[in-house]
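Presented below is the structure to which this report refers.
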Amino acid sequence: MAKSGNREVAVVTGVGPGTGAAIARRFALGGYSVAMLARNRERLSELERETADTRGYPCDVADEVQIDSALAAIRSDLGVPSVLIHNAVGGAFGNFLQIDPQVLERNFQVNTMGLLHLARRLAPAMIEAGKGVIIATGNTSALRGKANFAGFAPTKAAQRILAESIARELGPKGIHVAYVLIDAVIDLAWTREMKPDAPDEFFIKPAAIAEEIWHLAHQDRSAWSFNVEVRPFGETW
């Protein structure tokens, strides 16, 4: 595959059937060449076939070696990325007495260290260009530690604070860093099965999340946002 001409390159991690795929579709529609990262090669191949100007790169973002390999391939195939959307997520339910500490460690590697490794590798070219975008997706676990989220919430809180630290460093250099907090149940096949009696308006639509991320990535630099919260109109908060 030849490099993408004048199309800018966006890297999206955690590209599954919901939010990640919707983000990839929105950025491809908006004129980007989209590099999709996920562990599931088969799913990536399916999404490639469905959406023009996307390309899949099997990658576990908890593994630095795999990150380096994927980014080298992206630069060779598509060009230098100007946008990073870190949507990959590791989660687990259970209180602090129940969780396997190794699960918490694994989630930390995906959610927080994955953001760190990707940002460290992609930011230098953005700094040189004087522009770029880094966005991480999160949820209310980034703000509160409920009892049964002990294997998850600490990693999302750390992710949000890391993103804020990166934003304070890179903002003055022309790179927009933001954190999108999704306070909702995302509309997916398995969440519909989990809540079969919930009305449509109970769920947040992946395409709507993607649209907000697109807007955030293209804000005028005189009015950048960092903390962005999205939720359905009827959500209690």
Contact between [X] and [Y] at the side-chain level, heavy atoms closer than 4.5 Å - yes or no?
X	Y	result
L47	T54	no
L37	V15	no
Y179	E164	no
F27	V12	no
V11	V83	no
L170	H176	no
S82	V9	no
V89	F152	yes

Apply side chain to side chain contact (heavy atoms under 4.5 Å, CB included) to the pair I67 and L118, showing each step before the final yes or no. CA-CA 7 Å; I67 288 175; L118 287 159; 3.9 Å; yes
Do [X] and [Y] share a hydrophobic cluster, counting only Ile, Leu, Val, Met, Phe, Trp and Tyr and linking them when any side-chain heavy atoms are less than 4.5 Å apart?
X	Y	value
F226	V180	no
V61	F108	yes
I204	V228	yes
I175	V80	no

Determine which pairs satisfy salt bridge (Lys or Arg N to Asp or Glu O under 4.0 Å) with at least one residue from [range], sequence neighbours left out, and list them in order.
range	value
residues 213-228	none
residues 33-42	none
residues 14-24	none
residues 129-151	none

Separation between [atom1] of [X] and [atom2] of [Y], rounded to the nearest 0.5 Å:
X	Y	atom1	atom2	value
N95	N148	CG	CG	6.0 Å
E50	S45	CD	OG	11.0 Å
M113	L162	CE	CG	8.5 Å
I134	M126	CD1	CE	4.5 Å
M36	R25	CE	CZ	10.0 Å
I182	E212	CD1	CD	10.5 Å

With [X], which residues qualify under side-chain hydrogen bond (donor to acceptor under 3.5 Å, both in side chains), at least two apart?
X	value
Q219	S225
N139	none
E46	none

Backbone N or O of [Y] within a donor-acceptor pair of the [X] side chain at under 3.5 Å?
X	Y	result
N111	G90	yes
R106	P101	no
T51	E48	no
K156	T137	yes
T191	I186	yes
R55	A35	no

If you take all heavy atoms of [X] and [Y], which pair is closest and at what distance?
X	Y	answer
A198	F202	CB-CD2, 3.7 Å
A119	P124	O-CD, 4.2 Å
A167	P172	O-CD, 4.3 Å
L188	G18	CD2-CA, 3.3 Å
A52	A28	O-CB, 3.5 Å
L115	A136	CD2-CB, 4.4 Å

By salt bridge (Lys or Arg N to Asp or Glu O under 4.0 Å), which residues pair with [X], not counting sequence neighbours?
X	value
R231	D183, E229
D200	R192
R43	none
E211	R26

Let's go through L122 and L71 carefully: what are the C-alpha distance in whole Å and the side-chain angles of both, what is the deciding distance for side chain to side chain contact (heavy atoms under 4.5 Å, CB included) to 0.1 Å, and is it a yes or a no? CA-CA 9 Å; L122 295 178; L71 293 181; 4.1 Å; yes
Could you note down all residue pairs passing side chain to side chain donor-acceptor pair (under 3.5 Å) where residues 61-70 supplies at least one of them, sequence neighbours left out?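 Pairs touching residues 61-70 that pass the test: D63-Q66, E64-R121, D68-R121.
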If we ignore angles and hydrogens, is there a donor and acceptor under 3.5 Å between the side chains of Q159 and T112?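 Their side chains do not contain a donor-acceptor pair, so the 3.5 Å distance test is not met.
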May I ask you to check whether D53 and S33 show a side-chain donor-acceptor distance below 3.5 Å?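 Side-chain D/A pair, D53 to S33: absent.
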L181/L143 under side chain to side chain contact (heavy atoms under 4.5 Å, CB included): CA gap, chis, key distance, verdict: CA-CA 9 Å; L181 191 150; L143 303 179; 3.3 Å; yes
